[in-house]
Amino acid sequence: MKIFGKDKSEEKKLDSVAIIMDGNGRWAKARGLDRTMGHKAGAKIVQGILEHLRDLGIHHVTLYAFSTENWKRPKREVDMLMELFYQYLDTVVLKIVKEDESFCMRIIGDKQRLSEKLRNKCIEIEELSAGRPFICNLALNYGGRDDIVNAANSAINDGHTELTEEILSRYIYTSSSPDPDLVIRTGGDFRISNFLLWQIAYSEFIVLDTLWPDLTNEDIDRCIEHFYKRNRRFGGLDPEETNKA
Ligand code: FPP
């Protein structure tokens, strides 16, 4: 059965997943620990989840690590997070990109507000891993509204006088990845928190009560099972309905 030039299996393809990693603070509080310990625990599970998604045949994963609004948190927590991101990139990610030629990391968001040390590490990782087939977009100082405004300004600076969806899509931070098929949010809150506003127009959304540091591969499997049960119509009708009309 064809719909908009795609057959049913293609319509259901799951190749791009985005994750809002929420709940680190509550995970720490429940254990009588400082919030920063929750972020450390959260960092420990990132690699395993990425590897699991890749083993499932997914090629694009976008992780929300720090938003343009997260600077409002206490300075101590922000400083700790920035150091954690630096250490993570400098140790775990650098090792992966050196050993695994399929892994590409792109850091999406406005790098200008990051420290020079962190910005340079982001650029080093991006340069080392460019052009590889499994892409992890790590959102650092990322805002969906900022992404759209930045894309529009970049397009205008390149001489475009009238924007189209196709042109703008070429300038957004995730231009190397298809729009997410599935967005997963841990931590139980039903909101999008300024994440990928342009890209999620037709993404499926799953919210898990599980706090990010507790997330397991089995939770991911259950999300994917749910995804395949969803009826994605992209604003159209089911093929049977279209044929009847
Ligand atoms: C939201 O939880 C989480 C963050 C703002 C930071 C995300 C960071 C990590 C998952 C760990 C580090 C990641 C990498 C890639 C090294 P929250 O603090 O808002 O939790 P809460 O809602 O329970 O307070």
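Quick caveat: nothing in here was measured; it's all calculated off a predicted structure. Numbering of ligands and ligand atoms starts at 1, following listing order.
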Would Leu84 count as a polar contact of ligand 1, with the cut-off being nitrogen or oxygen pairs under 3.5 Å? no
Using distance only, find each side-chain donor-acceptor pair of residues 153-160 under 3.5 Å and give its atom names and separation, not counting sequence neighbours.
from   : atom 1 : to     : atom 2 : distance (Å)
Asn153 : ND2    : Val149 : O      : 3.4
Ser154 : OG     : Asn150 : O      : 2.8
Asn157 : ND2    : Asn153 : O      : 3.4
Asp158 : OD2    : Tyr171 : OH     : 2.7
His160 : NE2    : Tyr171 : OH     : 3.4

As an exercise, state the distance from CG of Leu138 to OH of Tyr88, rounded to the nearest 0.5 Å. 8.5 Å
Are any of the N/O atoms on Leu138, whether in the backbone or the side chain, positioned under 3.5 angstrom from an N/O atom of ligand 1? no
By number and element, which atoms of ligand 1 are closer than 4.0 Å to a non-hydrogen atom of Met21? 1 (C), 2 (O), 3 (C), 10 (C)
With heavy atoms of Ala43 as the reference, note each atom of ligand 1 found under 4.0 Å away. 11 (C), 12 (C), 16 (C)
Please check if the side chain of Ser67 supplies one atom and the backbone of Glu69 the other of a donor-acceptor pair under 3.5 Å. yes
I'd like to check whether Asn24 has a polar contact with ligand 1, where a contact means an N/O of the residue lying under 3.5 Å from an N/O of the ligand. yes
Would you say Arg26 and ligand 1 have an N/O pair spaced under 3.5 Å apart? yes
Backbone N/O of Leu114 and side chain of Arg119: donor-acceptor pair under 3.5 Å: yes
Give yes if a backbone or side-chain nitrogen or oxygen of Trp212 is under 3.5 Å from a nitrogen or oxygen of ligand 1, and no if not. no
What atoms of ligand 1 come closer than 4.0 angstrom to any heavy atom of Asp22? 1 (C), 2 (O), 17 (P), 19 (O), 20 (O), 21 (P), 22 (O)
Out of His39, Met105, Lys40, indicate the one that has the non-hydrogen atom closest to atom 11 (C) of ligand 1. His39
Just distances here: any N/O of Arg35 and N/O of ligand 1 closer than 3.5 Å? yes
Between Asp179 and Trp198, do the side chains contain a donor N or O and an acceptor N or O under 3.5 Å apart? no
Main-chain N/O of Gln112 paired to Asp110 side chain as donor or acceptor, under 3.5 Å: yes
Of all the non-hydrogen atoms in the protein, which one sits nearest to atom 13 (C) of ligand 1, and at what distance? Phe85 CE2, 3.9 Å
Which atoms of ligand 1 are found less than 4.0 Å from any heavy atom of Tyr88? 16 (C)
Donor + acceptor pair across side chains of His226, Glu204 (<3.5 Å): no
Within the 4.5 Å heavy-atom criterion, are Ile45 and Trp212 side-chain neighbours or not? yes
May I ask you to test the Leu196-Tyr173 pair for a side-chain heavy-atom distance under 4.5 Å? no
Of all residues at least two apart in sequence or in a different chain, which pass the salt bridge (charged side-chain N to carboxylate O under 4.0 Å, His left out) check with Arg106? none
I'd like to know if Leu63 contacts ligand 1, where contact means a heavy-atom distance under 4.0 Å to any ligand atom. no
Applying a strict 4.0 Å limit to heavy atoms, is Phe66 in contact with ligand 1? no
Run down the list Gly188, Ala28, Ala65 and name the one with the heavy atom closest to atom 7 (C) of ligand 1. Ala65
Euclidean distance, Ile58 CD1 relative to Lys13 NZ, rounded to 0.5 Å: 11.0 Å
Looking only at protein heavy atoms, identify the closest one to atom 19 (O) of ligand 1 and say how far it is in Å. Arg73 NH2, 2.7 Å
Atoms in ligand 1 with a heavy atom of Asn70 nearer than 4.0 Å: 5 (C)
